[in-house]
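Presented below is the structure to which this report refers.
Along the sequence shown, residues are numbered consecutively beginning with 1.
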Amino acid sequence: MARLTTRSALLVLADGRFPAGGHAHSGGAEAAVKAGRIRDAADLEAFCLGRLHTVGLTAAGLAAAAALGLDPYELDAAADARTPSPALRTAARRLGRQLMRAARAAWPDPELDALAAAFPGGAHQPVVLGAAARAAGLGPEDAAHCAAYETVGGPATAVVRLLGLDPYRATAVLARLAPVMDEVAARAVTAAHGGVDALPAASAPLLDITAEQHAAWPVRLFAS
């Protein structure tokens with residue numbers, strides 16, 4: 001399928017105002033704040049750095065692979081295998097379903113239609129992200145960068161709300177992490193070119209554990 005490449009589409013896809021549902025999720029930051037592991041901007045930076053090199057790298061690899069056009073069924077199974085927490089699997093599919101709705105409205109595409117029909121409950125969010133990037137005329141590098149940014153952008157925004165952290169300081173954290181995002185995206189794209197079996201499988205067990213705990217809270221600000 002011929003596609004017109006437009007880098008501006010990346011800005012639309014990565015925009016926090018894109019109605020993909022990410023604003024309702026903290027990426028584990030809410031549980032980390034409650035446990036006292038995030039108290040200030042320095043803690044936020046360390047938390048985001050850890051996410052980038054683990055779940056961020058894994059998500060970026062999946063997104064890049066989907067943008068390359070690898071089999072979405074295999075990619076979704078690979079995403080499931082890389083997400084041991086049932087709570088995080090549920091969140092990933094919910095986010096994938098919401099992102100799919102927004103992507104199909106923005107970039108109508110038969111491949112997105114087919115993916116939506118195959119996974120009515122939602123495919124994993126990084127897989128949908130890569131498919132959306134592909135539909136928008138973007139490449140695997142763009143998809144990987146978007147996934148890497150989402151990995152840290154969500155927690156940074158959440159911590160501003162949870163702690164009343166100065167938003168300027170939270171933004172400065174993201175700016176300092178920009179070179180790391182680039183590195184993670186590059187590694188993810190290289191792996192994606194090797195096929196599904198070469199995709200990263202880096203994990204963060206503490207995020208899995210706290211996600212299960214967070215899901216059982218009777219009162220919480222974020223869905224995950």
Side-chain angles (χ1 to χ4, degrees), residues 1 3 13 20-22 25 27-28 51-104 107 109-136 138-151 154 184-212 214-215 223-224:
M1 178 180 215
R3 301 173 193 274
L13 188 58
H25 297 260
R51 278 183 60 82
L52 274 172
H53 284 298
T54 54
V55 295
L57 175 61
T58 299
L62 290 163
L68 278 172
L70 272 63
D71 187 334
Y73 302 96
E74 289 188 22
L75 290 175
D76 192 76
D80 233 26
R82 288 160 171 75
T83 313
S85 162
L88 290 182
R89 285 199 296 270
T90 297
R93 293 192 180 280
R94 184 179 299 126
L95 284 167
R97 185 172 64 248
Q98 180 68 18
L99 174 57
M100 179 63 79
R101 290 180 60 192
R104 292 174 75 191
W107 301 289
D109 182 88
E111 290 184 9
L112 289 182
D113 294 341
L115 184 59
F119 295 95
H124 275 263
Q125 193 270 356
V127 178
V128 179
L129 176 61
R134 182 173 168 83
L138 298 169
E141 295 84 0
D142 300 306
H145 274 92
C146 191
Y149 179 74
E150 286 183 349
T151 297
V184 165
R187 290 171 59 195
V189 172
T190 298
H193 279 287
V196 175
D197 291 341
L199 292 176
S203 63
L206 186 57
L207 287 178
D208 295 323
I209 293 168
T210 56
E212 293 301 309
H214 181 271
S224 71

Between atom [atom1] of [X] and atom [atom2] of [Y], what is the distance when rounded to the nearest 0.5 Å?
X	Y	atom1	atom2	result
Ser224	Leu207	OG	CG	10.5 Å
Leu138	His145	CG	NE2	12.5 Å
Thr58	Arg51	OG1	CZ	11.0 Å
His25	Gln98	NE2	CD	9.0 Å
Leu75	Asp71	CG	CG	7.0 Å
Tyr149	Leu13	OH	CG	12.5 Å

Between Arg104 and Asp109, does any side-chain N to carboxylate O distance fall below 4.0 Å?
no
Indicate yes or no: does Asp76 engage Arg93 in a salt bridge with an N to O separation below 4.0 Å. yes
task: Would you indicate whether the side-chain heavy atoms of His124 and Leu62 approach each other to under 4.5 Å?
output: no
Checklist entry - Does a side-chain heavy-atom distance below 4.5 Å link Leu70 with Val196? => result yes
Nearest heavy atoms of [X] and [Y], plus distance in Å:
X	Y	value
Thr151	Gly56	OG1-CA, 3.3 Å
Leu129	Ala63	CD2-CB, 4.2 Å
Leu199	Ala192	CD2-CA, 3.7 Å
Pro84	Asp208	CG-OD2, 3.2 Å
Gly121	Arg97	O-NH1, 2.7 Å
Leu88	Glu212	N-OE2, 4.5 Å

Side-chain (Arg82) to main-chain (Ala77) donor-acceptor, under 3.5 angstrom = no
Is it true that a side-chain atom of His214 and a backbone atom of Thr210 form a donor plus acceptor pair closer than 3.5 Å?
-> no
Residue pair Glu150 / Gln125, side-chain donor-acceptor N/O under 3.5 Å: yes
For Arg101, is the CZ atom crowded, meaning more than 12 foreign heavy atoms sit under 6.0 Å from it?
no
